[in-house]
**Student:** 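Got a structure here, written out as structure tokens. Questions coming.
Quick note: numbers below take in every heavy atom, side chains included, and nothing from hydrogens, waters or symmetry partners. For ligands, and for the atoms within them, numbers begin at 1 and follow the listed sequence. Counting from 1, the numbers follow the sequence of the chain as shown.
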Amino acid sequence: MNIANWLYQTAMSRPERDAILVGAELRHNYASLLQAICARAAELSERYRVAKGDRVAIFAKNCPEYIELLHACWWIGAVAVPVNCKLHPSEAEWILRHAGATLVYTDGGGVFGPSEYFREAAIAARTETGADVVRPIALEDGELAWLFYTSGTTGKPKGAMLSHGNLRNMALCYTADVDNASAADAVLYAAPMSHGAGLYMFAHLRAGGAHLVPPSRGFDCDEIIDLAITRGDLVFFAAPTMVKRLIAASRLRGFDGAGIRTIIYGGGPMYLADLEEALELFGPRFVQIYGQGETPMTIAALSRDLIADADECRSHRRRASVGVAQSCVEIAIVDGDGNALPPGRTGEICVKSPTVMLGYWRDDRATAETIRDGWLHTGDLGHISGDGFIYLTDRSKDVIISGGTNIYPREVEEALLAHPAVFEVAVVGEPESEWGEQVVAHIVLAPDERASEEELDNWCRQRMAAFKRPKKYVFVVELPKNSYGKILKTALRANAPAG
Ligand code: AMP
């Protein structure tokens with residue numbers, strides 16, 4: 001089934017409801033959104049000669065037209081390629097060429113030079129109006145909807161092929177496991193629509209909620225607080241680093257989270273100390289998800305009530321987990337030879353689910369390495385507790401092997417972050433002649449705080465086995481992050497002296 005049917009049905013059944021706003025300004029109700037999509041779909045086929053299966057890229061910051069363009073593609077069976085707007089145009093061009101996109105929509109046009117491979121169109125420049133309202137074309141579940149280029153914290157990005165069925169199952173899991181979507185919600189696109197925030201639009205389109213693009217078109221803490229106060233009922237996705245910034249800004253303004261219904265966080269580790277600070281200020285407004293582009297947003301979820309329930313969570317340390325498998329997901333933890341491991345043992349997290357991608361675009365080798373016997377190998381290491389909670393240890397390539405023993409950076413990071421002077425930390429392995437690798441902590445201190453290497457070492461001594469303690473501390477002003485806010489451990493490792 002074509003995922004665009006959801007929006008079509010809402011436009012038919014609730015045409016007068018607010019659909020898209022920029023801040024407080026209404027751009028579309030559902031009826032006019034449908035009109036705009038049909039006009040854009042007509043433009044795609046008639047003016048740009050885009051046919052079913054062709055790839056159409058969007059390289060732009062969040063904007064109200066994003067939802068129109070994605071749906072216009074699906075209306076005619078084309079494949080959308082949302083490209084992270086923070087990439088350099090040359091990186092974006094690599095993706096466009098790899099995807100074989102014939103058309104790219106950009107903010108003002110003129111981002112790319114003349115190309116024999118693709119045409120470029122400015123998002124807003126549309127002259128056609130009053131197109132006939134038609135239904136989206138009929139598609140099978142397995143047909144391609146979205147080429148999701150991974151954030152590429154290592155190597156070149158790969159294009160996860162997400163089908164219409166993948167997206168529908170993801171959206172159904174959202175309502176079952178993450179949050180209920182209702183017509184009263186205002187979904188805020190504060191994180192990039194090319195990634196999690198955009199993927200999560202479907203349940204809210206189906207429910208007939210309002211979709212809010214912030215005037216800044218990005219993540220601005222004061223703007224979010226203002227929208228929470230003036231509009232209310234906000235629901236949004238945010239990376240853990242964004243939550244941390246929002247909490248710091250809210251503290252300064254004496255804001256307690258009223259007007260924010262739900263913050264869904266995920267995409268990277270949320271450290272316990274940060275979560276507890278967020279809960280203390282905002283109360284039960286958080287849900288955690290664990291997913292990856294290859295099974296978008298859908299591996300595990302830690303629900304609002306479990307996060308908020310201090311007794312249940314503290315005693316089981318559940319807040320440090322990523323929750324339980326989502327409704328349509330089966331999880332197995334396997335060792336290096338692919339054997340399933342019992343609860344409590346650490347291995348690679350593997351997933352079987354109707355949300356798992358069809359494979360990587362034009363990369364059979366990577367597909368065969370990643371999906372084996374119907375199981376997606378996530379590259380994440382972790383274990384499942386006896387009661388079904390999943391604890392992520394690290395990306396397998398981030399594990400430090402020192403003297404033949406595995407050290408999981410996350411454990412060391414959690415301990416260091418609990419120190420009051422530590423604001424952010426990234427622990428990596430550095431080549432070292434005697435042990436193979438040594439543990440190095442890169443530390444960002446909190447404003448106006450100080451901590452010596454000796455003090456942090458004592459702190460670690462009291463909390464972890466001696467061999468896990470960092471052997472070296474590097475104090476930095478900020479950590480290298482990719483455009484989605486994820487810490488780039490590869491960059492930290494690349495700068496390390498050779499062993
Ligand atoms: P991406 O495909 O860019 O969304 O990156 C997915 C990766 O981010 C996963 O494979 C995990 O390593 C990490 N990740 C996603 N969600 C979480 C989470 N809730 N906690 C910790 N790491 C996460």
Side-chain angles (χ1 to χ4, degrees), residues 82-84 86-87 95 146-162 166 170 173 177-178 191-200 237-244 263-272 274-275 278 286-303 306-307 318-326 329 331 333 346 348-351 353 355-357 360 366 370 376-383 389-399 408-411 413-414 417 426 481-490:
V83 181
N84 177 357
K86 291 188 184 149
L87 293 183
I95 291 176
W146 183 314
L147 273 185
F148 181 102
Y149 275 84
T150 56
S151 46
T153 45
T154 53
K156 286 279 184 211
K158 294 194 279 284
M161 295 190 283
L162 305 179
N166 288 154
M170 171 197 69
C173 279
D177 305 303
V178 179
M193 293 170 95
S194 57
H195 208 83
L199 282 163
Y200 265 170
F237 174 78
T241 48
M242 295 173 177
V243 175
K244 196 174 158 88
I263 299 176
I264 300 145
Y265 65 89
M270 170 69 104
Y271 297 103
L272 205 53
D274 292 339
L275 176 61
F286 299 93
V287 182
Q288 178 176 204
I289 64 103
Y290 159 48
Q292 59 175 206
E294 290 80 351
T295 171
M297 315 299 271
T298 317
I299 300 176
L302 185 62
S303 65
L306 281 172
I307 291 181
R318 281 175 176 170
R319 280 181 184 161
S321 78
V322 292
V324 300
Q326 293 194 32
V329 175
I331 292 182
I333 309 285
T346 297
E348 185 176 13
I349 297 173
C350 294
V351 170
S353 165
T355 52
V356 169
M357 64 169 181
Y360 291 116
T370 308
L376 171 75
H377 288 247
T378 62
D380 289 326
L381 295 182
H383 71 270
F389 285 75
I390 295 146
Y391 292 80
L392 281 190
T393 345
D394 276 289
R395 297 287 299 163
S396 50
K397 53 187 175 298
D398 289 338
V399 170
Y408 299 107
R410 172 88 186 252
E411 205 184 322
E413 288 162 355
E414 292 275 12
L417 259 186
K481 298 197 180 122
N482 75 9
S483 44
Y484 290 121
K486 289 193 196 194
I487 295 169
L488 285 170
K489 292 200 168 176
T490 27

**Student:** For ligand 1, which is the ligand I care about here, please tell me if T150 has any N or O atom under 3.5 Å from one of the ligand's N or O atoms.
**Tutor:** no
**Student:** Which of the atoms in ligand 1, numbered in the order shown and given with their element, are less than 4.0 Å from a heavy-atom of G291?
**Tutor:**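 The atoms of ligand 1 under 4.0 Å from a heavy atom of G291 are 6 (C), 9 (C), 15 (C), 16 (N).
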**Student:** Which of the numbered atoms in ligand 1 are below 4.0 angstrom from a heavy atom of G293?
**Tutor:**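 Ligand 1 atoms under the 4.0 Å threshold to G293: 1 (P), 2 (O), 4 (O).
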**Student:** Please determine, by modelled atom types, if D380 and Y290 share a side-chain donor-acceptor pair under 3.5 angstrom.
**Tutor:**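 Per modelled atom types, D380 and Y290 side chains form a pair under 3.5 Å.
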**Student:** Out of curiosity, M297 CE to Q326 CD, how far, rounded to the nearest 0.5 Å?
**Tutor:** 9.0 Å
**Student:** Taking the six-membered ring for Trp and the single ring otherwise, decide whether the centroids of F237 and H195 are under 6.0 Å apart.
**Tutor:** no
**Student:** Between F148 and ligand 1, does any nitrogen or oxygen pair lie at a separation below 3.5 Å?
**Tutor:** no
**Student:** Find all atoms of ligand 1 within a distance of less than 4.0 Å from any non-hydrogen atom belonging to L392, and give their numbers and elements.
**Tutor:** 20 (N), 21 (C), 22 (N), 23 (C)
**Student:** Determine yes or no for a side-chain-to-main-chain donor-acceptor pair under 3.5 angstrom, with T298 supplying the side chain and T295 the backbone.
**Tutor:**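 Looks like no, no N/O pair under 3.5 Å.
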**Student:** Could you check if a side-chain atom of E294 sits within less than 4.5 angstrom of a side-chain atom of T150, using non-hydrogen atoms only?
**Tutor:**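 Sidechains of T150 and E294: in contact.
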**Student:** Output the list of atoms in ligand 1 that are nearer than 4.0 Å to some heavy atom of Q288, sorted by atom number.
**Tutor:** 18 (C), 19 (N), 20 (N)
**Student:** Taking atom 19 (N) of ligand 1 as the point of reference, which of D398, L199, I289, D380 owns the nearest heavy atom?
**Tutor:**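 Among D398, L199, I289, D380, the closest heavy atom to atom 19 (N) of ligand 1 belongs to I289.
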**Student:** Is any side-chain heavy atom of V83 closer than 4.5 Å to a side-chain heavy atom of S194?
**Tutor:** no
**Student:** Is any N or O atom of M270, backbone or side chain, closer than 3.5 Å to an N or O atom of ligand 1?
**Tutor:** no
**Student:** At a 4.0 Å threshold, what atoms of ligand 1 neighbour a non-hydrogen atom of V322?
**Tutor:** 18 (C), 19 (N), 20 (N)
**Student:** Against heavy atoms of H195, which atoms of ligand 1 measure under 4.0 Å?
**Tutor:**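 Listed by number with element, the hits are 3 (O), 4 (O).
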**Student:** Under a 4.0 Å N-O cut-off, is there an ion pair linking E413 with K489?
**Tutor:**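 Between K489 and E413 there is a salt bridge, with a charged N closer than 4.0 Å to a carboxylate O.
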